[in-house]
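This report concerns only the one structure given below.
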Protein chains: 2
Amino acid sequence: MRPQRIQIVEVGPRDGLQNEPLSTLSDRITLVNALAGTGLSHIEAASFVSPKWVPKMADADKLFASIDRQAGVIYSALTPNIKGFEAALAAGVDQVAVFASASESFSQKNINCSIIESIERFEPVLAAARQHNIRVRGYVSCTLGCPYEGAIAPARVAEVAQVLFEAGCYEVSLGDTIGTGTPDQAAAMVEAVAAQVPISALALHFHDTYGQALANVAACLELGVSTIDSSVAGLGGCPYATGASGNLATEDLVYMLNGLGLSHGVDLTKLVAVGNDISQRLGRKNGSKVGQALRKKTS
Amino acid sequence: MRPQRIQIVEVGPRDGLQNEPLSTLSDRITLVNALAGTGLSHIEAASFVSPKWVPKMADADKLFASIDRQAGVIYSALTPNIKGFEAALAAGVDQVAVFASASESFSQKNINCSIIESIERFEPVLAAARQHNIRVRGYVSCTLGCPYEGAIAPARVAEVAQVLFEAGCYEVSLGDTIGTGTPDQAAAMVEAVAAQVPISALALHFHDTYGQALANVAACLELGVSTIDSSVAGLGGCPYATGASGNLATEDLVYMLNGLGLSHGVDLTKLVAVGNDISQRLGRKNGSKVGQALRKKTS
């Protein structure tokens, strides 16, 4: 059941930098270009949202105008509403993403509406995307736990994922937003979702707050999941545990995939250099253990 | 095949502190006592070696004389030679451990003799231990790779493990000394060893230098391994990649075992407090992600 080819979706420039100290536009552009040079073929590069709400994601249009677009690389962006979608379209993004939650409380506290309202709100995005032949990715947060509700039933995750898929999302990325999941739980959740949505349309987006992300990914690879989100240098903290780890580090994922003999197209040595460079620019410790180990070895 | 009950062997006071900045004897005693208060039932507390060679492990006899021995807790120590064993016996240790390598080059560079010579050297320890009814644990290092030789054949690991087991070690702990292993490789190595030594006599001792330790443990649990070595707060660095991560953190292991519903007897909240305390004393960042996440939550 384990797939031979893995699609990595690099979310460092968006989900990562959004939860790090403010970066300059120049550093963000440098990062996206450097990531594309490692062989990564899908980079979530920015978010088209009001800079009033998310100042760290400001100037997404300038970013898209400045990066060197490589052939074969998908440069995507989060577009929570139609205004964001139109700006993203004008900026020439390859793909967009929308965001829902499997937790009613999280949806209310994070985006001030119910789950179903959040999905209704981005229906115009899906309609416009269809019209412009732009693929839409759907995120589901809190799939293995919610900071407000605690446990979330796998059936609930499956329900939300199915709504997103049937609404037109070509892929549904299942987020362990607070990183509390463990392998059996992750596998049970993915199995429940896969009963409603084809497994080829599922992605894992696991946070490493409790050090479980890679073990959880390994468990879900056995079920046939072939798309995994991760963030170079583990960029991105955890807003629910300040100072704790956030996203799974792409370097650690790539290292494991190499060991498992699964192809992914990414050059680990180049990736480690990119992770160390952005960590240095941000003045933070590299959140990837592979990044730390290989940096020390070569320095 | 997955066992329901896991025996954790806490190696922080020995394998951990040996690779950290020098601790005071008082801090080492405090750590051992605090660990015993978490429900851990096997603590490798010290090493009976010459302080000329390993100054951080000096005064093992004083340590054993000062700790509060809890009923039901095994307090063990590394005893590389008969002199160390006699001192350990006099100090009243419950159990001792000896150390070999699966790599000829590592054995030569680390202890200046061949693998077979190293085993011959601790035969007097095994004989004396038998005489005094003291159980002996055998470590095998470099089971998933060697800093000098690179890959190590699983058959080679199995051979060394079998020699240790047949020489009288009741348990053989399989070390991924440089932390380069990945899940399939770890499972293949354990399978090869389990063909020669009963799986109930095997332990995993995986380092997290490349972030793979927990995923590797998860893979080997499926094979029936039920004893796992780990180090509170991830104490212990990696001498082959200065500044990089060393031992698997006990907190992260316990968190996963809790999620998998496997019993182990350890109170995670107490363990997190112990890990944060020793990290603070050492002036280092807590190497456990669970430790970081739960500390931030509660502080």
Side-chain angles (χ1 to χ4, degrees), chain A residues 2 144-145 147 178-187 207-219 221-222 234 237-246 248-249 251-262 268 285-299, chain B residues 2 144-145 147 178-187 207-219 221-222 234 237-246 248-249 251-262 268 285-299:
Chain A
R2 190 192 281 176
L144 296 173
I178 54 173
T180 53
T182 42
D184 286 2
Q185 192 198 355
H207 282 213
D208 204 32
T209 320
Y210 295 82
Q212 311 293 309
L214 208 52
N216 295 346
V217 165
L221 284 177
E222 303 302 320
C238 175
Y240 306 98
T242 316
S245 305
L248 170 61
E251 296 92 319
D252 298 4
L253 171 65
V254 165
Y255 187 96
M256 184 176 80
L257 296 177
N258 286 349
L260 298 178
L262 307 182
L268 182 57
K285 191 177 177 187
N286 191 329
S288 158
K289 293 200 170 186
V290 169
Q292 287 170 34
L294 295 182
R295 179 175 61 88
K296 298 290 179 174
K297 256 192 173 168
T298 54
S299 67
Chain B
R2 192 193 278 177
L144 295 173
I178 54 172
T180 53
T182 43
D184 286 3
Q185 192 198 356
H207 282 212
D208 204 32
T209 320
Y210 294 83
Q212 310 293 309
L214 208 53
N216 295 347
V217 166
L221 284 175
E222 303 302 320
C238 175
Y240 306 98
T242 316
S245 305
L248 170 61
E251 297 93 317
D252 299 4
L253 171 64
V254 165
Y255 187 96
M256 184 177 80
L257 297 177
N258 286 348
L260 298 178
L262 307 183
L268 182 58
K285 191 178 177 188
N286 191 329
S288 158
K289 293 200 169 184
V290 169
Q292 287 170 33
L294 294 183
R295 179 173 62 86
K296 299 291 180 174
K297 255 190 172 168
T298 54
S299 67

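Below, chain A is the first sequence line, B the second, and so on; all start at residue 1. Just so you know, these numbers come straight off a predicted model, no measurement behind them. The figures here come from the full heavy-atom set of this structure, side chains too, leaving out hydrogens, waters and symmetry mates.
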message = Strictly distance-based, threshold 3.5 Å: is any side-chain N or O of A:Q292 a donor or acceptor partner for the main-chain N or O of B:T209?
response = no
ask   = Shortest non-hydrogen contact from A:Y210 to B:V290?
value =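 Looking at all heavy atoms of both residues, the shortest contact is O-CG2, 3.4 Å.
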remark   = Heavy atoms of A:T182 and B:L260 approach each other most closely as OG1-N, 4.4 Å
ask   = With chain B, which of A:G179, A:G211, A:A249 has the greatest number of heavy-atom pairs at distances under 4.5 Å?
value =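 Highest number of heavy-atom pairs under 4.5 Å: A:G211.
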inquiry  = Under a 4.5 Å cutoff for heavy-atom pairs, which residue among B:R2, B:E251, B:Q185 has the most contacts with chain A?
reply    =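 Option with the top pair count is B:R2.
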message = According to side-chain contact (heavy atoms from CB on, under 4.5 Å), who are the partners of A:A186, at least two apart in sequence or on a separate chain?
response = A:L144, A:F206, A:N216, A:C220
key: Sequence-distant partners of A:D208, side-chain hydrogen bond (donor to acceptor under 3.5 Å, both in side chains), two or more places apart   =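 Here the qualifying residues are B:K289.
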